[in-house]
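Report on one structure; see the data block that follows.
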Amino acid sequence: MMHKDDVKKILLTEEQIQTRMKELGAQITKDYQGKNLLVIGLLKGAAWTVTDLTRYIDLPLRVEFMVASSYGNSTETSGSVKIHLDVHDDLRGKDVLLVDDIVDSGITFGAIVKILQQNHPNSVKTLAFCDKAERRVNGFECDYVGFKIPDEFVVGYGLDYAGDYRNLPFIGVLKSSVYAKAK
Ligand code: IMP
Ligand code: MG
């Protein structure tokens, strides 16, 4: 049974996360004045960021979600990105803000930004709740980052390990015994 007792260290508290979401929401409110904002979240992990963040954006906007996979149940990327659920909206004239829970290798964002650009949006920017910058393989840079974090596998606030722990309201690092059990 997954539980918060499986967490050995809290990296970001619920309060730190909510404070940062408010800051990002205020920044985006400034940056998107007069634009046609469409927030696109990558399910499932970005759902927590999208719902909190959009509450702090004081502008008319729309929300869509996409499903893409690269990881499966492992903690390492497989290198290719597959889209399972696409956006149905026409992107012409839209200012797209693509949101994910974390940017790691950069492969997911790199691939999806390319696909979105084929639909002729007015602009595409990216927001990652967490950024493991030192793990990047393609030089991808996000326009908005919640928190830069070290190269450690984290869970909570949408981030999962094999599907579990997404609902933790903080970001934590799991005890090594959790991985040992899974083998
Ligand atoms: P990228 O394509 O390597 O940038 O990986 C992005 C995806 O990897 C995220 O959407 C997560 O699903 C997954 N991921 C990367 N690091 C972590 C982590 O520390 N915890 C949970 N999921 C992670
Ligand atoms: Mg993901």
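Keep in mind the model is a prediction, meaning the values are calculated, not measured. Numbering of ligands and ligand atoms starts at 1, following listing order.
Using cut-offs of 30° and 60° on the angle between ring planes, the pair Tyr157 and Phe129 is tilted. Taking the six-membered ring for Trp and thresholds of 30 and 60 degrees, Phe153 and Tyr179 have ring planes more than 60 degrees apart, a perpendicular arrangement.
Residue Asp101 has at least one heavy-atom neighbour below 4.0 Å for each of these atoms of ligand 1: 9 (C), 10 (O), 11 (C). Listed by number with element, the atoms of ligand 1 under 4.0 angstrom from any heavy atom of Thr108 are 1 (P), 2 (O), 5 (O), 6 (C).
At a heavy-atom cutoff of 4.0 Å, ligand 1 is contacted by both the backbone and the side chain of Val154. Only the side chain of Leu159 comes within 4.0 Å of ligand 1, judged by heavy-atom distances. Neither the backbone nor the side chain of Val155 comes within 4.0 Å of ligand 1, counting heavy atoms alone.
Electrostatic pairing of Glu152 and Lys132 does not count as a salt bridge here, judged by no charged N lying under 4.0 Å from a carboxylate O. Between Arg136 and Asp131 there is a salt bridge, since at least one side-chain N of the basic residue sits less than 4.0 Å from a carboxylate O of the acidic one.
No more than 12 heavy atoms of other residues, nucleotides or ligands shown are found within 6.0 angstrom of CD on Glu15.
Within the 4.0 Å heavy-atom shell around ligand 1 one finds Lys132. Within the 4.0 Å heavy-atom shell around ligand 1 one finds Glu152. The shell of residues lying under 4.0 angstrom from ligand 1, judged by heavy atoms, includes Gly106.
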With side chain to side chain contact (heavy atoms under 4.5 Å, CB included) as the test, would you mind laying out the steps for Val155 and Arg166 before giving the verdict? CA-CA 7 Å; Val155 295; Arg166 292 189 198 274; over 6 Å; no

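Considering Ala128, Ser105, Cys130 only, the shortest heavy-atom separation from atom 1 (P) of ligand 1 involves Ser105.
There is a path of hydrophobic side-chain contacts, each under 4.5 Å, that joins Leu43 to Leu53.
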